[in-house]
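Accompanying notes for the structure given below.
Every chain is numbered from 1 and lettered A, B, ... according to where its sequence line falls, protein lines coming before strand lines. Hydrogens, waters and symmetry mates play no part in the numbers below; they use all other heavy atoms, side chains included.
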Amino acid sequence: MNRIDCLFNTKKNRILSVYCTAGYPCLNSTVTVIKTLSEQGVDMIEIGIPFSDPVADGPVIQQSNTVALKNGMTLALLLEQLKEIRTVTSVPLILMGYLNPILQYGMEALLKQAKACGIDGLIIPDLPLREYEQAYQSLFAQYGIAMIFLITPQTAPERIREIDRLSTGFVYMVTAASTTGRQSSFTTQQTHYFEAIQKMDLRNPVLAGFGIHDHTGFHTVCQYVQGAIVGSGFIKAIATGGDAALQDTIPHFIKSLYS
Amino acid sequence: MKYAIDEQGYYGAFGGAYIPEMLYANIQALKERYKELIREDAFNQELDQLLHDYVGRPSPLYYAARLSTHYNTRIYLKREDLNHTGAHKINNTIGQILLAQKMGKRRIIAETGAGQHGVATATVCALMGLECKVYMGAKDILRQSPNVARMRLLGAEVIPVHSGSETLKDATNEAIRDWISHPETTHYIIGSVVGPDPYPDMVAHFQSVISKEIRVQLQQHTGSPLPTAVIACVGGGSNAAGAFHHFLDEASVQLIAVEAAGKGLDTGYTAATMAQGSPGLIHGSRTYLMQSPDGQITEPYSISAGLDYPGIGPLHAHLYVSKRASYLQATDDEALQAAYRLMRLEGIIPALETAHALAVLEKESFMPDDKVVLCLSGRGDKDLETYIKHKDDEQD
Ligand SMILES: Cc1ncc(COP(=O)(O)O)c(C=O)c1O
């Protein structure tokens, strides 16, 4: 069974997934970050493929993408770095990236390499549902890689059902109409939305993401869905000190989320 | 209509809507409302009335006698520079502001390069009493300062964008991020035939008035609605799309689009998307763009802020691969020389963008009784500083 499905079968709540940008803060940080995060007990790791024009991302993740690209990160190099990743971690690993770099690399080539590295799922925020269904769904099934789609407060209920039908692994619930990393505390309108999603009782598990960066946010969304994805907060936490500081900054940040 | 968009929002292999889920509902609502409205008589009457009374349409089709003598052919200039606000951009913003109004939007955002689209958006927002925010690359704010001042006088907030190359591509990213964060209240007026479906088709529709008028006017001038060739500059490609539209199915009409070659095609300082690019995705659309082998979007360069964009509308990608239109290039210097020539021969100061189209007259040869229509997309008020500076440099 796919590691993502295993995780959700054995753990029903307070699942923590952390987003990091490949090649950030230094080119060779990727493996260290993944290793340290899994030593800290995070349940899942989302590895961002840097892109020059990440339109769904706020300033913090944009900046990490810019730095990673300056460091020389590419999708090909990332897959090279991840070759031995299964010797350092057993948590589910997800690649998150915009479609253009993936198309230039080749979708099937990516799935094949990802499979070989032990990657479990993909998030491609600008891949249309229909195109996935027509062009890629069977390939994903063939390689046993999960495809995680996003829903937002603007997504209509019928479309949420459609997204749930096409998603594998889990559904990514974006907490607000916003780019990544924007907000601080949740409004009642948002908690109503979380409640509505909870009541829909989707066939996939649901993780909440965007704007969750501390213990309170994590705790709040866990009342409605299975867990949370933390991105900008983590990137900010590891921004200073380069590679050398990761052994301190990562445990410090993860502990602050849990306690 | 052989080159029309299909039901799925594609021109052949190009187009589509490659957008994050955050924008899906907005794009869908826009597409539905746009398709309904352009079939409604009341909407079209209101649009035509504004184009006539407020924009000053039809814009003249002017037989440029001295320019024609110079090139030994017959050249007609479609005077979009005489529109209110000085460029073709307002044809689109008038259409989109009416649409935004009908959709109950209170807040308008736009990106701008040369500032012409920003000014045209600020203008229609003032006209309709809507809040207006314009994203503009920090580099463009410096080189097109008269337009920044105009936008501010018209009541718009101009927001400098410091990411990437600090030009049009980055301003577009920032506008998209704003829309993601304000999906309910806001309409995003894109300034060219780029972006996710329905924008390329919608902007082309609102710009198609250019070629609709050319047909009628050329008939009056020459007794036939069909020219030998139509020439237009392309950044995203909206004035070209508008100037080509009603000739797309007329196989005898040569369609020539001119991109900015910057300092030269192989210098690394260029915005010539067709010459240097390859298929991929930019701003929600599958089209040609300049990119690294790794799929990162390249930072473009052109002296002209309005052409300084690493992509091109999907219609143009389709016209290019199907060989319906040809895509030529003009460098910064060629554009400047062409602009100076038009000033002296015809008493018209063109926009730097338009100057690229004019530069092609040096390279393409036409027969004496050919009829060449050139879309004079905008006037050069915003570019005076650049023109003066380069003229001084030449004389030193
Ligand atoms: C006068 C003028 N012409 C042309 C352009 C390029 O845009 P498009 O290719 O969409 O016509 C601009 C853009 O700012 C412009 O101001």
Is the number of heavy atoms from other residues, nucleotides or ligands under 6.0 Å of [X] [atom1] greater than 12?
X      : atom1 : value
A:K112 : NZ    : no
A:K70  : NZ    : no
A:K236 : NZ    : no

Using a strict threshold of under 4.0 Å (side-chain N to carboxylate O), is an ion pair present between A:K83 and A:E80? yes

Test: A:E133 and A:R130 ion pair at under 4.0 Å: no

Considering only heavy atoms, which portion of [X] lies under 4.5 Å from any heavy atom of chain A: side chain, backbone, both, or neither?
X      : answer
B:I19  : backbone
B:P293 : backbone
B:Q28  : neither
B:Y18  : both
B:Q291 : side chain

Which of B:S292, B:A17, B:P20, B:A25 touches chain A most, by non-hydrogen pairs under 4.5 Å: B:P20

Quick check for you: among B:D294, B:T172, B:I176, which has the greatest number of heavy-atom pairs under 4.5 Å with chain A? B:D294

Verify, without hydrogens or angle tests, whether [X] (side chain) and [Y] (backbone) share a donor-acceptor contact under 3.5 angstrom.
X      : Y      : result
A:N28  : A:G23  : no
B:W179 : B:L23  : no
B:S181 : B:R177 : yes
B:D170 : B:T167 : yes
B:T112 : B:G118 : yes
B:T185 : B:R107 : no

Non-hydrogen contacts under 4.5 angstrom with chain B: give the residues of [range] involved, or none if there are none.
range                       : value
residues 48-67 of chain A   : A:P50, A:F51, A:S52, A:D53, A:P54, A:V55, A:A56, A:D57, A:Q62
residues 154-166 of chain A : A:Q154, A:T155, A:R159, A:I163
residues 188-207 of chain A : none

Kindly give the heavy-atom pair with the smallest separation between [X] and [Y], and that separation in Å.
X      : Y      : answer
A:A208 : A:T175 : CB-CG2, 4.1 Å
B:D308 : B:R143 : OD2-NH2, 2.6 Å
B:P183 : B:K105 : O-NZ, 3.3 Å

Could you tell me which of A:A76, A:P128, A:P153 has the largest number of non-hydrogen atom pairs under 4.5 Å with chain B? A:P128

Ranked by heavy-atom pairs below 4.5 Å to chain B, first place among A:L75, A:N100, A:I124 goes to A:N100

Is the positively charged end of B:K263 above the ring of B:Y269, judged by distance under 6.0 angstrom from the centroid and angle within 45° of the axis? yes

Checking [Y] against [X]: is there a side-chain donor and acceptor pair closer than 3.5 Å?
X      : Y      : answer
B:D178 : B:Y135 : yes
A:Y105 : A:Q113 : no
B:S304 : B:E353 : yes
B:Y3   : B:H318 : no

Do any of residues 277-287 of chain B come closer than 4.5 Å to chain A, heavy atom to heavy atom, and if so which ones, in number order? B:P279, B:G280, B:L281, B:R286

Segment of [X] engaging chain B (4.5 angstrom heavy-atom cut-off):
X      : value
A:F210 : side chain
A:L99  : both
A:L69  : side chain

Would you say the ring centroid of A:F149 lies under 6.0 angstrom from that of A:Y172? no

Aromatic rings B:Y199 and B:Y188: how do their planes relate, parallel, tilted or perpendicular, breaks at 30° and 60°? tilted

Can you label the angle between the B:H316 ring and the B:Y327 ring as parallel, tilted or perpendicular, going by 30° and 60°? perpendicular

